[in-house]
Amino acid sequence: MQEKYLPTDVEKSAQDHWQAIDAYKAVENAQDRNGKEKKKFYACSMLPYPSGKLHMGHVRNYTIGDVLTRFHRMRGYNVMQPMGWDAFGLPAENAAMKNKVAPAQWTDDNIAYMKKQLQSLGFAIDWDRELATCKADYYKWNQWFFLRMLEKGLVYLKTGTVNWDPVDQTVLANEQVIDGRGWRTGALVEKREIPMYYMNITAYADELLPALDTLPGWPERVKIMQANWIGKSEGCEIHFPYNAEHNVGDPVLKVFTTRADTLYGATYVAVAPEHPLTLQAAKTDSALAAFIEECKRGGVTEAELATQEKKGMDTGLFVHHPLTNKPLAVWTANYVLMGYGEGAVMAVPAHDERDFEFATKYGLPIKAAIKPKDGELELPLQAAFVDYGICFDSEDFNGLTSAEAKHKTGVVLKALQLGELRTTYRLRDWGISRQRYWGCPVPIIHCDACGAVPVPDDQLPVKLPENLVPDGSGNPLLKTPSFLNCDCPQCGKPARRETDTMDTFVDSSWYYLRFACPGNDQAMVDERVNYWLPVDQYIGGIEHAILHLLYSRFWTKVMRDLGLLKIDEPFANLLTQGMVLNDIFSRKGQSGGIDYYNPVEIDIAQDAQGRTTGGTLKSDGQPVDYSGMGTMSKSKMNGVDPQAIINEFGADTARLFMMFTSPPEQTLEWSDAGVEGAFRFLKRVWAFVADHAGWVKEELQLLKEGKTEDKFPADLKVRHPGVNLMRREIHAALRQATFDMERKQFNTVASAVMKMLNAMREAATYSFDSEAASSNADGLLQKGLHEGVGIMLRVLYPIAPHICCKIWSELGYDGNLIDAPWPNVDEAALVQDEIDLVVQVNGKLRGNILVAKDATREAIEAMARAHPTVEKFIAGLAIKKVIVVPGRLVNVVV
RNA sequence: GCCGGGAUGGCGGAAUUGGUAGACGCGCUGGACUCAAAAUCCAGUGGUGGUGACAUCGUGGGGGUUCGAUUCCCCCUCCCGGCACCA
């Protein structure tokens, strides 16, 4: 065996071998050696966006998936781990503008490079299933499915709000709006209402919500976030009759509230600036028209709307309270959103914080109608009283609890035909239209005579031209006659093709299904999908906890209802990995902005305790500021190139570092020293095995020839205490590693392997140093090391497969390590005659006692009380009770 | 603003889920080897007091439940993720 660990050679030869035997090809219905069908295990990691090169988040994500894939293969599962590319999206267009290269070219180049990187990390991926969402053989099925949903009424046309850059005459993504201005032009962005296609996800809200309870393999936090996002609320629709002279088509103004019990506290109603009522009033009120214009500026995101200053204006119009018939002023307010509910709310300043703030600001009346269950309200109110309580000053409702009042309001209003109890969801329908080039074309043709006509199935896919280079001023498809002009499928007259493309979340909503059916050009999915799905382990960033996962769940249910699938949920188990962080160094730039520098460009300064305090830029020797750790990102310039790590230390080191440094769900802080530590450990493994390879080989030979048995003598403890102790430590570590592997806590799996190596090194050293231990008497140490190395390699293998495979075959262990079974704990090795118990007095540690494993409670208690330190602490005090926790501790309470 | 999560030595983290806080690793200190350095190996390493045995404090802050709390409950601070057109 080569004495020095050379990762490049080791990894090359392991990867060549895997490729030669097609080691990771996944086949349906695979059988084990006994002809029994294996259970399948489909591990899927969220597919990467091909941004250029792999980043550390990818390495982390795919290493987690790979560890689970390899572990399950050892456990006898028929595993499948695919990979693909989320290849449509904004960054390709931005790169195209910058480099004058078509997005298709840029994307293809990136995919080729990143694929090589993934392969160099040695992931057990079945590359025959690879897909890219920007290829027509994939996105054809987006279009096909869109048309099926359209037929079912699950896709419809409605207006939606977008950011409009008036200079570039283009729609901007939220990300491209910085402080209310276009990122390239600096122009103040306006809101615009444009027609968009929507997917009716709200129609599935009443299944998406309770079905979360059928997902025990999902993190609780993700389920809570999804449940809150869907946001079911039981409330009441309330109709406020319009004043007679209002003429807006509808006789009533509809609002929805979850606090119908506060109806008698309503003192005005507020409508969105885009509400028909506002628009009508603005026709004769120029100040109001100006206010509507003002509201068009500012952001469209919920965060911005929620934090903006609350502004409003009296429309001069009135509606009537449905129960008291009193007139209520209609205000228009920027905090009322047209997209939510009815675009109107009843305002109860006394019992709603937002309304209270608004009413106080504009001098609107405040009327209390709910008081605490036990007590009175202090009037006038200094703040809104938002708790549930008892109705007062509410006519027939006086004395009712909030719950009773809510119910009664619904009943009374229903009788008056002025409202009813209703369930609503916070969830909104999914707008999928994007006014962008690099995406899946929406398969619609606009005809002057026939309107919006679906593209017939036999004309799919609507292919996206791949040679266009966007310039930032609108969608280049609009300037491409060969794409734009077509014939109407219904009447044959010249027509115009839809130029909007689909949200990239559409692409990523079903790719994991397509992985099961590679190569099928006749159908979106086939029977194979029912073998592999659901995904047994889905892995991806926590940032996808809501949108991507919710859309995928929705999409799966729609496919099921169209008879394409038999499953209800796509992902049985979900692991949400944490972010990868690194130091951030910056300097104030000349133009007032902040310039960021990659940590490799910095000589880092540390204080006496090793904490980073700042540094100097290597190129100019001038100081830079340290602003702590943040997620690795292009904008902060703090990414670490995985390739550099692979080149210097090898893929196994990169993988081990990632797994050892943090548990998968937590954030991971990058550390060069940590990487070197991981490398050092692998070197130690290699060196130790190389030192003892002779013994292991010899033992394997003896076993093969039947000259020795694969078991240890019952009196090992007497014959070789060192090996006995080593075995106990190795099997204890193995038990821990197995437990942690099952719960996906890989950092402690790695530390278990370290403990195994430490135990073996100690035993080997001890035996040679000590006269009494008689080194390898009766070949017991050799036997122990043969077993220990075999266990260590199999436990380390899922994390660092190259080095383990190489050593495994060098030493001559049985078969190929990638198909070796996960080792079993030898319970006999763990048995101890005496147990170390902790003795406490009043919960404070005061000593330890060694007791026989079958000692009685009385004997333990007596020993504990006799312990000298314990005697000292209980002297002169009365013993109240003694708590004995078997196998753990004794607590004397005085 | 709303929803979710997190905080443990100088640092990353562990504590099999209410039972010895700090496993494992990094860093640091001392030693061995070396002309020297690197690499490697050995030892030490939460704070405070003490030569020492030992004592005492200690899991973001404050309160509570318990014989016993990093773990459970209430309040607070700071940090991170998401908020529907980044993916």
Side-chain angles (χ1 to χ4, degrees), chain A residues 46 48-49 51 86 89-91 160 162-163 171-177 219-222 224-229 231 300-308 335 339 354 427-436 503-505 508 541-548 550-551 576 578-579 581 606-612 628-631 660-663 665-669 671 673-674 676-678 680-681 683-684 687 733 735-736 739-740 743 745 747-748 750-755 758 765 836-845 848 869 880-883 885 888-889 891-894:
Chain A
M46 290 182 189
Y49 179 80
S51 55
D86 186 16
L90 204 50
V162 294
N163 304 302
V171 176
L172 298 178
N174 287 339
E175 190 190 53
Q176 297 172 311
V177 180
E220 216 47 49
R221 59 173 168 163
V222 173
I224 293 169
M225 278 191 271
Q226 290 221 349
N228 289 338
W229 185 264
V300 299
T301 69
E302 196 188 58
E304 283 168 310
L305 295 171
T307 49
Q308 72 186 358
Y335 68 86
R354 216 168 36 174
L427 183 67
R428 308 200 300 258
D429 276 342
W430 176 15
I432 60 149
S433 295
R434 298 290 180 271
Q435 297 68 46
R436 269 191 265 289
D503 181 5
T504 55
F505 274 125
S508 57
I542 181 67
E543 68 274 19
H544 294 293
I546 296 176
L547 290 179
H548 162 63
L550 192 61
Y551 292 146
T576 51
M579 304 268 168
L581 313 184
Q606 295 179 327
D607 65 13
Q609 281 155 340
R611 271 181 295 220
T612 301
M629 288 247 170
T631 55
F660 178 59
T661 302
S662 274
E665 306 218 295
Q666 279 184 39
T667 55
L668 181 152
E669 297 185 10
S671 146
E676 282 164 37
R680 203 150 49 217
F681 173 70
K683 279 197 288 188
R684 272 203 292 266
R735 186 164 65 174
Q736 182 208 317
F739 178 81
D740 289 340
R743 63 170 175 158
Q745 185 174 288
N747 55 328
T748 46
S751 70
V753 179
M754 292 172 182
K755 285 177 192 172
N758 290 346
T765 312
D836 196 17
L837 285 190
V838 165
V839 186
Q840 299 179 329
V841 179
N842 285 347
K844 277 196 162 69
L845 174 67
N848 296 61
T869 317
K880 278 205 231 155
K881 62 174 158 177
V882 179
I883 290 151
V885 183
R888 288 217 182 252
L889 57 73
N891 188 13
V892 184
V893 185
V894 295

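Order of the sequence lines sets the chain letters (A, B, ...), proteins ahead of strands, with each chain counted from 1.
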Quick one: is A:Asn747 getting a side-chain N or O under 4.0 Å of the B:A14 phosphate, OP1 or OP2? yes
Map A:Gly843 and A:Thr748 onto RNA chain B by nearest heavy atom, then report which one ends up closer to the 5' terminus. A:Thr748
When the P atoms of B:U77 and B:G19 are considered, how many whole Å apart are they? 31 Å
In this structure, how many angstroms lie between the P atom of B:G6 and the CG atom of A:Leu581, rounded? 16 Å
With a 4.0 Å limit, can you tell me whether A:Gln745 has a side-chain N or O closer than that to the phosphate oxygens OP1/OP2 of B:A15? yes
So, under a plain 3.5 Å distance rule, would you say the side chain of A:Asn891 forms a donor-acceptor pair with the base of B:C67? yes
Respond yes when some side-chain nitrogen or oxygen of A:Ser662 is under 4.0 Å from OP1 or OP2 of B:G13, and no when none is. yes
If you pin A:Trp229 and A:Phe739 to their nearest nucleotides in RNA chain B, which one's is more 5'? A:Phe739
Whole Å only: how far is the CD1 atom of A:Ile224 from the C1' atom of B:G82? 14 Å
Atom-to-atom span, CZ of A:Phe505 to C1' of B:A84 - whole angstrom: 8 Å
Separation of B:A14 atom C1' from A:Gln666 atom CD, nearest Å, is 11 Å
Just N and O in the side chain of A:Asn174: are any of them under 4.0 Å from OP1 or OP2 of B:C83? no
Without hydrogens or angle criteria, can the side chains of A:Asp740 and A:Thr748 be said to hold a donor-acceptor pair below 3.5 Å? yes
Presence of A:Thr504 side-chain N/O under 4.0 Å of B:A87 phosphate oxygens OP1/OP2: yes
Is A:Arg434 near enough to B:C85 that one of its side-chain N or O atoms lies under 4.0 angstrom from OP1 or OP2? yes
Could you tell me the separation between the NZ atom of A:Lys844 and the P atom of B:U56, rounded to a whole number of Å? 7 Å
Nearest-angstrom distance, C1' atom, B:U59 to B:G1: 32 Å
Separation of B:C80 C1' from A:Leu668 CG (nearest whole Å): 14 Å
Kindly indicate whether the side chain of A:Gln176 and the base of B:C85 share any N or O donor-acceptor pair separated by less than 3.5 Å? no
What's A:His544 touching, base or sugar-phosphate or nothing? Going by heavy atoms closer than 4.0 Å. base
With the 90 degree cut-off around zero defining syn, does B:G9 come out syn or anti? syn
Between P on B:A15 and CD on A:Gln736, what's the gap in Å once rounded to a whole number? 8 Å
Taking syn as a glycosidic torsion within 90° of 0 and anything else as anti, which one is B:U17? syn
Looking for any heavy atom pair under 4.0 Å, which part of the strands does A:Glu543 touch: base, sugar-phosphate only, or nothing? base
Can you find a donor-acceptor N/O pair under 3.5 angstrom joining the side chain of A:Arg680 to the base of B:U40? no
Separation of the C1' atoms in B:G18 and B:G64, to the nearest angstrom: 16 Å
Which part of the nucleic acid, if any, lies within contact of A:Arg735, taking any heavy atom under 4.0 Å across all strands shown: a base, the sugar-phosphate backbone alone, or nothing? nothing
Euclidean distance, atom CG of residue A:Asp740 to atom P of B:G25 [Å, nearest integer]: 16 Å
